[in-house]
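First up is the structure itself, then whatever we jot down about it.
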Amino acid sequence: MKIPVGSNDHDHHDDRDYKKKGVLLDQIRENNNSDEEDDRNRMMMRINMEGGQQVVLERMIHPVILPPFFSSGEKLKHKLFEIFFPDDPLFSFKNLTVREKLYRAIRSFFYILQWLPNYNFILFRSDLIAGITLSSLAIPQGINYAKLAKLPPIVGLYSSFVPPVIYSILGSSRHLAVGPTSTATLVMGTMISQMVSEPHLHLRLAFTATFFAGLFQASFGLFRLGFILDFLSKATLIGFMAGVAILVSLQQLQGLLGLTRSTNEMQLLPVISTLFKYRNEWSGQIIIMGFCFLTFLLGAKRISSKWPKFFWVSAAAPLASVVFSTLVAFILQTKFKHVPKANTCILIGKLPNGINPPSANLLYFKIDPYMGRAIEIGILAGILSLAEGIAVGRTFASLQNYQIDGNREMLALGLMNIAGACCSCFVTTGGRTQLSNTMTGIVVLVTMLFLMQLFIHTPDVTLAAIIITAVVGLIDVKAMVNLWRLDKLDFLACSCSFFGVLFVSVQTGLLVAIGASVFKVILHLARPNTMVLGNIPGTHIYNSLYRYTDTKRVPSFLILGIESPIYFLNSTYLQERILRWIRDEEERILRDNELPLKCLIIDMTAVTDIDTNGLELVSELKMTLAKKSLQMVLVNPAASVMEKLHCSKIMDSFGSKGLYLTVEEAVSDISSSWEALP
């Protein structure tokens, strides 16, 4: 009988590694002809030497040992540490004096102390340009985002002043421009307007929701719960942001058409229905003006993306549009009937001068449904702003080869929003360095103190065009196509969140996005991949028969690989699937007239954990195969798996030839034992 696994034909040359024994080995495996420099651990084999001398080639079988013992308390401590402190934040405090630790702790909290000592004039010049550039976009965006949230326009400017300054002191991202964003603004404005219609109460609930959003974010950072955001996969965020971008664009399309009425509903069909319901209000002059500015802004954005040295074109375009449209509206106000007087809905109207007034007294803490709704809105807006801000911050950090601490960012953004809620700001999130945010805040401050009168004649249509230009970049068609090409389940998750936002609601779309991500994980866990392994000729490597076409089946063996932990969720499926693999193999052997199946080898290298259901699977499968006179062998279980197998006494039923470190050792040893039988 031919042994399926053997050694090199030249193995007997090195007599130092051989021991004489008294059993004859019929044959050495033919398909393993590779020369190996170190073959001292060769399996025990016997050959005929000249003169009838019997020689044994012996290699020690590597034992599969138990991991070091740790108590349950130590294991729990280690697991909790890996969950909450994967980055080991206290590493930098080791071997320091108490004074040094205190100083480092202060620097870790106030991140400005880390970069300010190395600040120079070159960085200041870059930050000054970045601050002016950001403010040229932040001012019109802030005003229009406030209107999107059904808040007074001045609140948008307030939200572009205090939060950036606070973030520049606490935040660690060097490239995150802080301010209101479309997603959180849309969620807050829609959910509050569906609950109340009185403007003052709407304003109070917006500040209260911002406070709870900040409290939620800061708590996440303080208790290091940032891993919860990992449930929002990139695929679901791509679909979610695209859906929000379309809804925001359609809302702003009302301004481009000259409509004075809108809907509080935030689904695709009601918004489109509103556009055509009031089509008698459409203004041809405003439509022409709006689409001219939109074309100009999109063109400027295209020029800057195609020729990076002209980055200033897209940066200056929003401010240029505001200035030009304001001049046009002012000059033609008395002659152009479709540009009404100030203080109407077409123009921004008069905005008060001065810095942010305190709003702590406006926070709504009365125990009633309104407060409960404000907490719900705050948590939802906080999650969205965190996901968006940290994702953008990490993207820029990876491009610029530095890291940001997600939990630190949550704490900074949370404290920023808590302070903002007390200073007439609504939810905000995320320059060359953090100081660019300070420069932006200073420019906004100067605007609020001295330049507010300039916005009296600024048309809404210009701000609508600016917002559409900003959010259209959130529709990443290329990324969606890439998802379809690489992973159909990721594309399905992306599509679910996209259509959930468009046709149901933003908050439902977020829940669908999370649900789709969790469903994908559960699907992979509940139906794990199993595969038949074969030997790559000339090596000791075993891999998938269907992946590597030159792999060979090992006669009388069925070698299976499992690529998943074995839990209650998949134990029944795995048992059924393994038995089906055995049935298919027996049918193939019968059809091809090969040697009968004698042994099942399960490669557990990729099985990272096992629970009690998985242990029962191993035990029941062993008994089932024993009734069919099939031997079952486990190969290379992980440390935690090996420990549970040992504690459960399951390995007692396997005997001395039931557990191996490698598939090659298992096949060789078991084959040798068969040969030793009479």
Side chains of [X] and [Y]: does their closest heavy-atom pair fall under 4.5 Å?
X    : Y    : value
Y158 : P357 : yes
L170 : L411 : no
F212 : M371 : yes
L415 : F109 : yes
L256 : F293 : no
I139 : S160 : no
V271 : T274 : no
S159 : V155 : yes

Spatial distance of atom [atom1] ([X]) from atom [atom2] ([Y]) [nearest 0.5 Å]:
X    : Y    : atom1 : atom2 : answer
N482 : C494 : CG    : SG    : 11.0 Å
S359 : L203 : OG    : CG    : 8.0 Å
L102 : F93  : CG    : CZ    : 9.5 Å
L298 : S314 : CG    : OG    : 11.5 Å
L511 : S497 : CG    : OG    : 11.5 Å
S219 : L225 : OG    : CG    : 8.5 Å

Strictly distance-based, threshold 3.5 Å: is any side-chain N or O of [X] a donor or acceptor partner for the main-chain N or O of [Y]?
X    : Y    : result
S168 : V165 : yes
N417 : T428 : yes
S273 : L269 : no
N144 : L463 : yes

Take a 6.0 Å sphere around [atom1] of [X] and say whether it holds more than 12 heavy atoms from other residues, nucleotides or ligands.
X    : atom1 : result
R302 : CZ    : no
F503 : CZ    : yes
I355 : CD1   : no
F568 : CZ    : no
F519 : CZ    : no
K366 : NZ    : no
H78  : NE2   : no

Considering non-hydrogen atoms only, spot the tightest contact between [X] and [Y] and give its length.
X    : Y    : result
G243 : L502 : O-CD2, 3.6 Å
I468 : S249 : CD1-O, 3.9 Å
L151 : A206 : CD2-CB, 3.7 Å
S193 : K150 : CB-CG, 4.2 Å
Q217 : L413 : OE1-O, 3.4 Å
A184 : V427 : CB-CG1, 4.0 Å

Non-neighbouring partners of Y370 that pass side chain to side chain donor-acceptor pair (under 3.5 Å), sequence neighbours left out: none
Working for side-chain contact (heavy atoms from CB on, under 4.5 Å), residues I246 and F498: CA-CA 10 Å; I246 291 176; F498 177 73; 3.6 Å; yes
Check whether the ring centres of F85 and F91 lie less than 6.0 Å apart, and answer yes or no. no
One pair to check against side-chain contact (heavy atoms from CB on, under 4.5 Å): L148 and V248. What are the steps and the verdict? CA-CA 8 Å; L148 185 64; V248 172; 4.2 Å; yes
Give the C-alpha distance, both sets of side-chain angles, the deciding distance and a yes or no for side-chain contact (heavy atoms from CB on, under 4.5 Å) between L205 and M195. CA-CA 10 Å; L205 293 178; M195 180 175 55; 3.4 Å; yes
Kindly state each residue pair satisfying side chain to side chain donor-acceptor pair (under 3.5 Å) with at least one member in residues 461-472, sequence neighbours excluded. S325-T462
Give every residue pair that meets the side chain to side chain donor-acceptor pair (under 3.5 Å) criterion with at least one member in residues 200-211, sequence neighbours excluded. none
Set of ring-ring contact (aromatic ring centres under 6.0 Å, His included) partners for F220, sequence neighbours left out: F216
Salt bridge (Lys or Arg N to Asp or Glu O under 4.0 Å): which pairs involve residues 513-524, sequence neighbours left out? D487-K520, D490-K520
Pairs satisfying salt bridge (Lys or Arg N to Asp or Glu O under 4.0 Å), at least one member in residues 368-377, at least two apart: R373-E376
Full working for side-chain contact (heavy atoms from CB on, under 4.5 Å) between I514 and T236: CA-CA 7 Å; I514 297 175; T236 56; over 6 Å; no
